[in-house]
Amino acid sequence: MTNSPILEGIKSPTELKELSSSDIQLLSTEIRDRIIHSTSINGGHVGPNLGVVELTIALHIAFNSPRDSFCWDVSHQGYVHKLLTGRTDERFDKIRNSDGYSGFLSRDESEHDSYGAGHAGTALSAALGMCMARDLKGSDEHVVAIAGDAAFTCGITLEALNNIACSTKKFILVLNDNEWSIAKNVGAFSKYFNELIANPVYNKFHKDAEAFLSAMPGGKSLMKFVSKAKRDTKELLAPSSIFEKLGIRYLGPIDGHDIDSLVHFFEFAKESDEPIVLHILTEKGRGYPVALKEPEKWHGSGPFNKETGLMASSPVDSPPKYQDVFGDSLSLIAKSDDRVVGITAAMPSGTGLDSFQENFPGRFFDVGIAEEHAVLLAAGMACKGLRPVCAIYSTFLQRAFDPIVHDVCLQDLPVTFCLDRAGLSPNDGPTHHGLFDISYLSCIPNAVIMQPRHEDELQNMLYTSINHGGPAFIRYPRGTALGVPISSSPVKLDIGKAEIMEEGTLGSIWAIGDFVQEALSINQMFFDKFGSKFTIVNARFIKPLDSSLLLKHGKEFDLIVSIEDGVLKGGLGSSISELLNDNNLNPKVRRFGWPDEFISHGSSVSQLRKQHHLDTLTIFQKISQDISYKLNMEKQLVS
Ligand SMILES: Cc1ncc(C[n+]2csc(CCOP(=O)(O)OP(=O)(O)O)c2C)c(N)n1
């Protein structure tokens, strides 16, 4: 815990409004210290939160939460909001852990979290929906959408912009521009925002408005003045901004670290009788020099030493991360196949594509936070003979379901999808767990879906997918691989062929990914305790399933077990049950996977697996119960 007497006195935004301006300055420092302290222990979104300290304080002074609603885009920058809305207890110091607050905003956590998020680009649409509901009800509360500059690379943000002015007169948009996505922001909007900042006419107008606003905060007369000033200066000297062409009044650029000025602009926006955007400039990592210097590294970090800013590094002999194996393998394959290109939706380092970018800058494309566009772009490239590889986290690919169905799979195009973070993203929680992809992809004709059990198999799957000639999806988890050697010459796998790892008499266990290793450990437990084993199958392909092997097992065994890192509904186990049932085979099928509920954030994969009965011991015990009659029989035979 840090020494924060002013922050500790704030149990709700009401107390904040009563502070003197010198106390508010001290409060900013206390908040920064507390965020650095908590993230140094737990990891988290350091840079984005340090950048919005003044902005968030000013929002809570000018507006009345929870009556007024804030829609934070992504909501990874919501830590300051949490601290100002009564969440200063020890759960803040355990943020992103099982007994701490979520790293995102969630409607379950506080009445001040008007909207939950974790995916980018949702703020404007959700805020507009709230405005329209308010207008229909005839009430007058404010709704504020707060979106980063990178949110404007999202298609849905642009869909909302198109819809705002014709739907409501009262809509406040805060554009929090720090020039960064996770990596440097990309695309035409990002350039355009820089032009707005650099344009002296807008600066002049901004200064006029600010001078007036600081003298006379609030009030209808103020509005009239600014509208006139705006007309006079802008019509004579400058073209309208894109926002104005869309019917949204533009004010900016505004210093995002000057609380008094921010409050005045927010008061001004409250009076506006047409939709308004405030273009606010902030610095990612403000107040913590190391974070300010390297915004990408400090967008989201693991634990670190807060004095030195050094992040905890993994032990030298630890296995590589799956994401790095993917990046290196793609470079290796691309060396001898110039059809290969790599596409990311704003996640070059998170997906490991940054190493490919270094090796093949002309064949690397960052399209911004635009997953649907990325998939369509890949479809177009594939039509012209390229072999695009889209590296998109499992959870973010959900957004591109229709282009996957309608564009890639229907046209049977050779696009490879690499779904990192398949399985749990423990500290992030339900917005980021990659638990649905097997279910949402298995139902699509032409989709080939696979999961490697180690890094060498990942490389082989990548090589197989690129050379397959149709849509292929490879899912793999966050974190480190097994540490097996990776061949310098990848091989093509037989699509739809599983791998038998061990043979036994008790039944068969079909597993994918790191659960294959778990299945082998469970088998050892059976052997140690009962002297008998299961047949262990690395399913490799979830679709197409190795049907001949499965049907053989369906005839041979009374029990077939499936273990997967995805939801049970529509998962590997479901496909196994369906195939057996459709062939009139009725062994007992015991399925292990994630239940039909949203899994919260937690401290680690093992903690969440244990909590949801997916740990090795529980799986062993449940299978033992299923097979107890057989174990007894075998025991009797031996004795
Ligand atoms: C659909 C989706 N794709 C990717 C991400 C990963 N992501 C989280 S924050 C972020 C960048 C956000 O940048 P910006 O909105 O400008 O906010 P900043 O962090 O710079 O304040 C990205 C790409 C996401 N959350 N959602």
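Just the heavy atoms: all of them, side chains too, but no hydrogens, waters or symmetry mates, feed the values below. Read the numbers this way: they start at 1 and go in the same order the structure lists the ligands and their atoms. Position 1 is the first residue of the sequence; numbering continues from there. These numbers were taken from a predicted model, which means no experiment stands behind them.
In terms of the side chain to side chain contact (heavy atoms under 4.5 Å, CB included) criterion, residue partners of Leu161 (sequence neighbours excluded) are, by chain and number, Leu124, Phe152, Leu158, Ile164, Leu173, Phe243, Leu246, Ile248.
Each of Thr88, Thr39, Asp93 was evaluated against Arg34; a single residue qualifies, Asp93, per the side-chain hydrogen bond (donor to acceptor under 3.5 Å, both in side chains) test.
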Between ligand 1 and the protein, which N/O pairs fall short of 3.5 Å?
| from | atom 1 | to | atom 2 | distance (Å) |
| --- | --- | --- | --- | --- |
| ligand 1 | 3 (N) | Glu371 | OE2 | 2.7 |
| ligand 1 | 16 (O) | Asp149 | N | 3.4 |
| ligand 1 | 16 (O) | Asp149 | OD1 | 3.4 |
| ligand 1 | 16 (O) | Ala150 | N | 3.0 |
| ligand 1 | 16 (O) | Trp180 | O | 3.0 |
| ligand 1 | 19 (O) | His76 | NE2 | 2.7 |
| ligand 1 | 19 (O) | Lys284 | NZ | 2.9 |
| ligand 1 | 20 (O) | Asn178 | OD1 | 3.1 |
| ligand 1 | 20 (O) | Asn178 | ND2 | 3.0 |
| ligand 1 | 20 (O) | Trp180 | O | 2.8 |
| ligand 1 | 20 (O) | Lys284 | NZ | 2.8 |
| ligand 1 | 21 (O) | Asn178 | ND2 | 3.2 |
| ligand 1 | 25 (N) | Gly118 | O | 2.9 |
| ligand 1 | 26 (N) | Ala120 | N | 2.9 |

Residues His433, Trp594; criterion side chain to side chain contact (heavy atoms under 4.5 Å, CB included); working and verdict: CA-CA 11 Å; His433 295 320; Trp594 293 93; over 6 Å; no
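Taking the six-membered ring wherever Trp is involved, the centroid distance between the rings of His81 and His60 falls below 6.0 Å.
Relative orientation of the Phe360 and Phe356 rings is tilted, given thresholds of 30° and 60° on the angle between their planes.
Using a 4.0 Å cut-off between charged side-chain N and carboxylate O, Arg32 and Glu54 make a salt bridge.
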